[in-house]
There are 2 protein chains.
Amino acid sequence: MSADSYNQVKHLLAIDCAIFGYEEGEVKLLLFQRGIEPAKGEWSLPGGWVNGSESVEAAAQRVLLKITGLSNIFLEQVHVFSDPVRDPGGRVVSVLFYALIIIQNHDKELVRNHGAHWFPIEKVPPLIFDHNNMVKMALEKLRAKASYELIGEQLLPEEFTLLQLRQLYDAIFQRKFDPANFRKKVLSLNALRRLKAKNTTESKRGAYYYKFKETSAKPGERIVKL
Amino acid sequence: MSADSYNQVKHLLAIDCAIFGYEEGEVKLLLFQRGIEPAKGEWSLPGGWVNGSESVEAAAQRVLLKITGLSNIFLEQVHVFSDPVRDPGGRVVSVLFYALIIIQNHDKELVRNHGAHWFPIEKVPPLIFDHNNMVKMALEKLRAKASYELIGEQLLPEEFTLLQLRQLYDAIFQRKFDPANFRKKVLSLNALRRLKAKNTTESKRGAYYYKFKETSAKPGERIVKL
DNA sequence: ACAAAAGTGTTTCGGCTACACCCATGC
DNA sequence: GCATGGGTGTAGCCGAAACACTTTTGT
């Protein structure tokens, strides 16, 4: 920052959220039917304006709470979109976030009332403006994160089996991981605690439940080569 | 984006640039003495306001041109800083970029006239506001990039020896790379073209000059484990 | 009995690391 | 002749990948 003064052109500032959830073996994205002109009624990422006295992160959390009923959601910045003509309705600079939610925990009623819908990431419809590009970048970011550290704490129920975790990774990367190798790799990270209980609904023999250790800080640990 | 209309609170929007150069075996950062209140005269990252009809990237390029005399500089977004009280002078949202320049090419006179100075990255002084944190994040981004692909095209002279490239990496990661292994790894990437000419100023025997191939698109190729 | 997932073990392969070693040349 | 960087070769280690194999239990 450096200029003559603080008396400068001001900008409309928005945030958009790529909200990912995991359900039925698929990574899903929450999309909205846009409520305002232009492009009213078309599919878009949920978003909102940034208020005068909140950070972009706070704005994103506010929007997330309004839509999903959940607070304290995991989110990370992805990119700023600022092409002067990206929005036909006017000059709007938008900060894109991706968010991870445990789909089972969210308020489905609320989502429905907002006219929103969960789409599997392989079946994202055409979106307004540059939102398809946003989804692409958000997915890349998600994959990059998942390849550097074990994710799932923000996507799976608190207790889960290694099968479920592996299928999550299968869904994120759209490939099949070797069950034996995935197990060994994941356990070697020492990030999970095995529970006493077993899940017998998904296999005859039964698989132990695991949960994430309440980990203060784990170093970057590579899971997958991209 | 979704709300009642486009009649919303507007924001001061700025960009800040962490400009990296490489000289005398050191990665250096270009810092400014801030020209406006508050904190006038203190060290800061160069930056500027975003105009009404330009993208944040265009604003960054404009600032870079003004300061270094160079256009078409390599830059990438790092992060958005939007804490409402990050700038005591008012509510300013800032998009941080890092930029790489070939320090030998830039207009030293211009830099001097702006009261700017190159600091080795290990000797960055206390900066205004959240700028020290910005430098930290920009450096992390630079290292992440350098570990995924071979950089140097934007930091070294057009023709360079493998010694110079290795010393650049030494400087970026603040460690010593094994000369033999570095050479083999770099050459295996197939991104450099060996020239006829040799450099005999830095070694007795003389080392071949290399230059980057005019590569359309190289896939992400890991150089260094972080 | 068989299918299907759980869980363990083994072999192979490739890349990274750490060196040893020769080359060329200015001092 | 010796120090310095240039450049090549190689042995060892480690992790990823591929896959064989045993266990358990519902059907």
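Lettering of chains follows the sequences in order, A, B, ..., and the numbering in each one begins at 1. Just the heavy atoms: all of them, side chains too, but no hydrogens, waters or symmetry mates, feed the values below.
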Visitor: Which whole-number value in Å describes the distance from A:Arg166 CZ to C:dA4 P?
Guide: 14 Å
Visitor: Once you round it to whole Å, what is the distance between P of D:dT4 and CD of B:Gln167?
Guide: 14 Å
Visitor: Separation of A:Phe182 atom CZ from D:dA18 atom P, in whole Å?
Guide: 15 Å
Visitor: Kindly list each side-chain donor-acceptor pair under 3.5 angstrom involving residues 100-107 of chain B, sequence neighbours excluded, with atom names and distances?
Guide:
{"unit_1": "B:His106", "atom_1": "ND1", "unit_2": "B:Ile103", "atom_2": "O", "d": "2.5"}
{"unit_1": "B:His106", "atom_1": "NE2", "unit_2": "B:Trp118", "atom_2": "NE1", "d": "3.2"}
{"unit_1": "B:Asp107", "atom_1": "OD1", "unit_2": "B:Glu109", "atom_2": "N", "d": "3.1"}
{"unit_1": "B:Asp107", "atom_1": "OD1", "unit_2": "B:Leu110", "atom_2": "N", "d": "3.0"}

Visitor: Output the rounded distance in Å from CG (A:Leu165) to C1' (C:dA6).
Guide: 15 Å
Visitor: Does D:dT8 have OP1 or OP2 sitting under 4.0 Å from an N or O in the side chain of B:Arg183?
Guide: yes
Visitor: Salt bridge check, B:Glu54 against B:Arg62: does any charged N sit closer than 4.0 Å to a carboxylate O?
Guide: yes
Visitor: Could you state the OH-C1' distance from A:Tyr169 to D:dA17, rounded to the nearest angstrom?
Guide: 18 Å
Visitor: Counting the benzene-type ring for Trp, do A:Phe20 and A:Phe74 have ring centres under 6.0 Å apart?
Guide: no
Visitor: A:Lys176 has an atom NZ; how far is it from atom P of D:dA18, in whole Å?
Guide: 15 Å
Visitor: Rounded to whole Å, how long is the line connecting atom CG of A:Asn199 with atom P of D:dT25?
Guide: 14 Å
Visitor: What is the distance, to the nearest angstrom, from the NZ atom on A:Lys185 to the C1' atom on D:dA16?
Guide: 9 Å
Visitor: Look at all strands and tell whether A:Leu163 reaches a base, only sugar-phosphate, or nothing, counting heavy atoms closer than 4.0 Å.
Guide: sugar-phosphate
Visitor: Report yes or no: is the cationic atom of A:Arg34 (NZ for Lys, CZ for Arg) under 6.0 Å from the centre of the six-membered ring of A:Phe32, at an angle within 45° of the ring normal?
Guide: no
Visitor: For A:His131 and A:Asp16, which heavy atoms make the closest approach, and how far apart are they?
Guide: CE1-OD1, 3.7 Å
Visitor: Ring-plane angle category for B:Phe212 and B:Phe160, please: parallel below 30°, perpendicular beyond 60°, tilted otherwise.
Guide: tilted
Visitor: When every nucleotide of nucleotides 19-27 of chain C is labelled 5' to 3' by its protein contacts under 4.0 Å (heavy atoms), B for base, S for sugar-phosphate only, - for none, what sequence of letters results?
Guide: B---BBBS-
